[in-house]
Amino acid sequence: MPHSFFHIFLISLFLYNNCIASHYTFTIKETPYTKLCSTKKILTVNDQFPGPILKVHKSDTIYVKVRNRASENITMHWHGVEQPRNPWSDGPQYITQCPIRPGSDFVYKVIFSIEDATVWWHAHSSWTRATVHGLIFVYPVPPKSLPFPKPDHEVPLILGEWWKADVREVVEEFLTSGGPPNVSDALTINGHPGFLYPCSKSDTYELAVEKGKTYRIRMVNAVMNVILFFAIANHNLTIVASDGHYTKPLNVTYITISPGETLDVLLHAHKNPKRIYHMAARAYSSNPNIEFDNTTTIGNLRYISSSKANTSSLSESYPNLPYYNDTSAAFRFFTKIRSLYSGQVPVKISRRILTTVSINLLMCPDNSCGGPNGSILRASMNNISFVTPSHVDILKAYYYHIKGVYGTRFPTFPPLIFNFTAEDQPLFLLTPRLATEVKVFKFGEVVEIVIQGTSLVGGGLDHPMHLHGFSFYVVGIGFGNYNISENPSSKYNLKNPPYKNTATVPRNGWIAIRFIADNPGVWFMHCHLDRHQSWGMNVVFIVKNGKGPNQQILPPPRDLPPCY
């Protein structure tokens, strides 16, 4: 018997280890979808919108073959996956790779390491992520268990949006005009707009639950340009993870979630099963002068015992969501999230950066463009509006020492210190410098970055800033000007701040983040409002190799898409 048990154990271990490296195929193609009374072709993965769910164990390595059978370029990003030493598969176009051309293939090696909970994947070329995205479910490696009671079921929940027009036309029009993009026509839950929109009564997401069961909702805000409020009528929710990392359990009545963020949420089904409980999402927008999609997407939560009942006979409950511009509600949620683990924050800083994030203007010939007073809208960090290379990516240029692709003079501090949040700003501050500048870190440096919003061009919006290749601790957040003259670390949370990859800078406020630069490679940081990214609110960090063999960038894959 002992030998039999040992043999079973060895077989189980062999089977598990041989499941670590899984292979997937993503075929990108144009597929017709009908929504809001009309049909158009959209980019899909394996004909699905949203795309397929990937399921992995912590520390797995998977291989995803992306077959581009569409008519435009594509790349793929594994959002929240740190990809240790492997920037070659990180995905942002012309940052870490040239695009996969129509008719071509590329195999992404996706290396999971410290991620514990839900992350996601999405396209990272132009605005293709509008329809090319999906969730990644990360599970603990047996015999490790979850730090919360195991739920009875798991539910994917992707908050997205829909344009009636071709998204490519939306992008081309706003970049050509120099003005803001047209807002979407609908928000969606798992691809469904909900019955409040035209022709959408049957296109409403429904979650069937059983009374007494607990459901783990794995959710992401995949919307292009809007922070969202979300709630389920008469049901409290418990946050247990954020951006792929466990949090202290947090009971809430509503959620604020920015583009790029993921949340793991427990839903306890314990209400009257003879009612329909609606879930809803709508925008949070802090600037009344900026147009946004102010519609509401609705889904149904229905108890299984009532599924056969006459729908018209069931009473309905709608959730109470904060108002569109309720900044206190939005950031009350953000600031309540705490890491499950304490004492992990680096205390001694070796590199500190202060960067502004601003909306800017460029002069336009004859004042004929679509921005304010006929100008061209841009965006910047430390007054540099990032110009993405167009012929060779930055990673390849760095690895092969190709000159002339980028500079290394991204400022450590704003080139001019001013009252960042004043109502009236001098006109000369509005114009940024167009450049491709990066910041270089030595391996192992402990970095603190303070990101300060400014009031230029009306202050823009809140900025969800996403860092590739790392998670970071959000140690501080505030409204108004960050006080450069004093050390605000006494006001920081250095005990259990949230461990994130996407964090939201308040409009006319600031956040402070910390991380250890121990992942060699080229890594993108950008606003996850895609119009701001398109305007240049981006920077690239290069982390140099360390001394040890496990502190070096991995060699490039043989099938890396060529540059032209």
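Values reported hereafter were calculated over all heavy atoms of this structure, with side chains retained and with hydrogens, waters and symmetry mates removed.
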Please tabulate, for side-chain N and O atoms in residues 516-524, each donor-acceptor pair with protein atoms closer than 3.5 Å (sequence neighbours left out).
from: Asn519; atom 1: OD1; to: Arg85; atom 2: N; distance (Å): 2.7
from: Asn519; atom 1: ND2; to: Glu82; atom 2: O; distance (Å): 2.9
from: Asn519; atom 1: ND2; to: Gly469; atom 2: O; distance (Å): 2.9
from: Trp523; atom 1: NE1; to: Asn519; atom 2: O; distance (Å): 2.8

Which pairs of donor and acceptor atoms, one on a side chain in residues 424-431, lie under 3.5 Å apart (sequence neighbours left out)?
from: Gln425; atom 1: NE2; to: Asn419; atom 2: O; distance (Å): 2.8
from: Gln425; atom 1: NE2; to: Phe420; atom 2: O; distance (Å): 3.4
from: Gln425; atom 1: NE2; to: Ser455; atom 2: OG; distance (Å): 2.9

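The only member of His468, His463, His79, His532 that meets ring-ring contact (aromatic ring centres under 6.0 Å, His included) when paired with His526 is His468. Partner Val167 forms a side-chain contact (heavy atoms from CB on, under 4.5 Å) with one of Lys40, Glu172, Glu161 and no other, that one being Lys40. Applying the side chain to side chain donor-acceptor pair (under 3.5 Å) test between Tyr108 and each of Gln83, His77, Gln97 identifies Gln97 as the sole match. Under the side-chain contact (heavy atoms from CB on, under 4.5 Å) test applied with Ile74, the options Pro561, Pro99, Ser125 reduce to a single match, Ser125.
In this structure, the separation between CG on Leu560 and CZ on Arg558 is 13.0 Å, given to the nearest 0.5 Å. Here the straight-line distance linking atom OH of Tyr406 with atom CG of Asp393 works out to 11.0 Å at 0.5 Å rounding. Atoms OG1 and CG, on Thr262 and Asn501 in that order, are 6.5 Å from each other to the nearest 0.5 Å. Taken from CD1 in Ile227 to CZ in Phe334, the straight-line distance is 5.5 Å, to the nearest 0.5 Å. From Asn360, atom CG reaches atom CH2 of Trp535 across 10.5 Å, with rounding to the nearest 0.5 Å. The CD atom of Glu261 lies 5.5 Å from the OG atom of Ser242; values are rounded to the nearest 0.5 Å.
Counting non-hydrogen atoms of other residues, nucleotides and ligands closer than 6.0 Å to CZ of Arg409 gives a total of 12 or fewer. Residue Lys29 qualifies as open at atom NZ: its count of foreign heavy atoms under 6.0 Å is 12 or below. Sparse packing is recorded around CG of Asn373, with 12 or fewer heavy atoms of other residues, nucleotides or ligands lying under 6.0 Å away.
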Show the numbers, then the answer: is there a side-chain hydrogen bond (donor to acceptor under 3.5 Å, both in side chains) between Gln93 and Thr388?
CA-CA 9 Å; Gln93 181 174 246; Thr388 303; over 6 Å; no
Check step by step if salt bridge (Lys or Arg N to Asp or Glu O under 4.0 Å) holds for Lys439 and Glu445.
CA-CA 13 Å; Lys439 195 70 177 176; Glu445 281 195 278; over 6 Å; no
Side chain to side chain contact (heavy atoms under 4.5 Å, CB included) between Asp243 and Tyr499, intermediate numbers included
CA-CA 8 Å; Asp243 282 3; Tyr499 196 43; over 6 Å; no
Phe410 and Val438: side chain to side chain contact (heavy atoms under 4.5 Å, CB included), yes or no, with the steps?
CA-CA 5 Å; Phe410 183 81; Val438 310; 5.9 Å; no
Would you check, one step at a time, whether the test side chain to side chain contact (heavy atoms under 4.5 Å, CB included) holds for Thr327 with Arg507?
CA-CA 9 Å; Thr327 297; Arg507 180 183 175 218; over 6 Å; no
Stepwise, does the side-chain hydrogen bond (donor to acceptor under 3.5 Å, both in side chains) test hold for Asn287 with Ser285?
CA-CA 6 Å; Asn287 192 333; Ser285 182; over 6 Å; no
Using the rule given for side-chain hydrogen bond (donor to acceptor under 3.5 Å, both in side chains), can you reason through Asp462 versus Thr504, listing the C-alpha separation, both sets of side-chain angles and the distance that settles it, and then say yes or no?
CA-CA 6 Å; Asp462 310 84; Thr504 302; over 6 Å; no
Show your reasoning for whether side-chain hydrogen bond (donor to acceptor under 3.5 Å, both in side chains) applies to Asn545 and Gln552.
CA-CA 5 Å; Asn545 285 335; Gln552 315 281 320; 3.3 Å; yes
Would you please test Arg168 and Ser71 for side chain to side chain contact (heavy atoms under 4.5 Å, CB included) and show each step?
CA-CA 11 Å; Arg168 288 174 294 188; Ser71 59; 3.2 Å; yes
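Judged purely by atom type and a 3.5 angstrom limit, Ser104 has no side-chain atom pairing as donor or acceptor with the backbone of Ile100. Here the side chain of Ser339 pairs no donor or acceptor atom with the backbone of Asn496 at under 3.5 angstrom. At distances below 3.5 Å, at least one donor-acceptor pair connects side-chain atoms of Ser350 with backbone N or O atoms of Val446. In this structure a side-chain-to-backbone donor-acceptor pair under 3.5 Å is missing from Glu448 to Arg514. Counting only distance, with no hydrogens or angles, the side chain of Trp88 and the backbone of Lys109 share no donor-acceptor pair below 3.5 Å. Judged by distance alone, the side chain of Thr131 and the main-chain N or O of Leu43 form a donor-acceptor pair under 3.5 Å. At distances below 3.5 Å, at least one donor-acceptor pair connects side-chain atoms of Gln452 with backbone N or O atoms of Gly480. Looking at Asn508, its side chain never comes within 3.5 Å of a backbone N or O of Thr421 through a donor-acceptor pair. Formation of a donor-acceptor pair under 3.5 Å by the Arg282 side chain with backbone atoms of Pro322 is found in this model. Side-chain atoms of Asn493 never come within 3.5 Å of backbone atoms of Val474 as a donor-acceptor pair (strictly under, hydrogens ignored).
Classification of the Trp510-Tyr482 ring pair by plane angle, with boundaries at 30° and 60°, yields perpendicular. The aromatic rings of Phe174 and Trp127 sit tilted, their planes meeting at an angle between 30° and 60°. Under the 30°/60° scheme for interplanar angles, the aromatic rings of His122 and His528 are found to stand perpendicular.
Remark: Asn294 pairs with Phe292, Tyr324 by the side-chain contact (heavy atoms from CB on, under 4.5 Å) rule, at least two apart or across chains.
Residues Cys369 and Ser177 are not in side-chain contact: their nearest non-hydrogen atoms beyond the backbone lie 4.5 Å or more apart. Considering only heavy atoms from C-beta on, Val45 stays 4.5 Å or farther from Pro50 through its side chain.
Closest of all the heavy-atom pairs between Asn382 and Thr355 is OD1-CA, 3.2 Å. Taking both residues in full, the closest heavy atoms of Pro288 and Ser286 are given as CD-O, 3.6 Å, listed atom of the first, atom of the second, then distance. When all heavy atoms of Val505 and Gly453 are compared, the pair lying nearest together is CG1-N, 3.9 Å. Across all their heavy atoms, Phe515 and Ser471 have their closest contact at CB-O, 3.7 Å. Taking each heavy atom of Gly371 and Leu377 in turn, the nearest pair found is CA-CG, 4.2 Å. Leu395 approaches Thr96 most closely through the heavy-atom pair CD2-O, 3.5 Å.
Taking the six-membered ring for Trp, Phe331 and Phe479 have ring centres closer than 6.0 Å.
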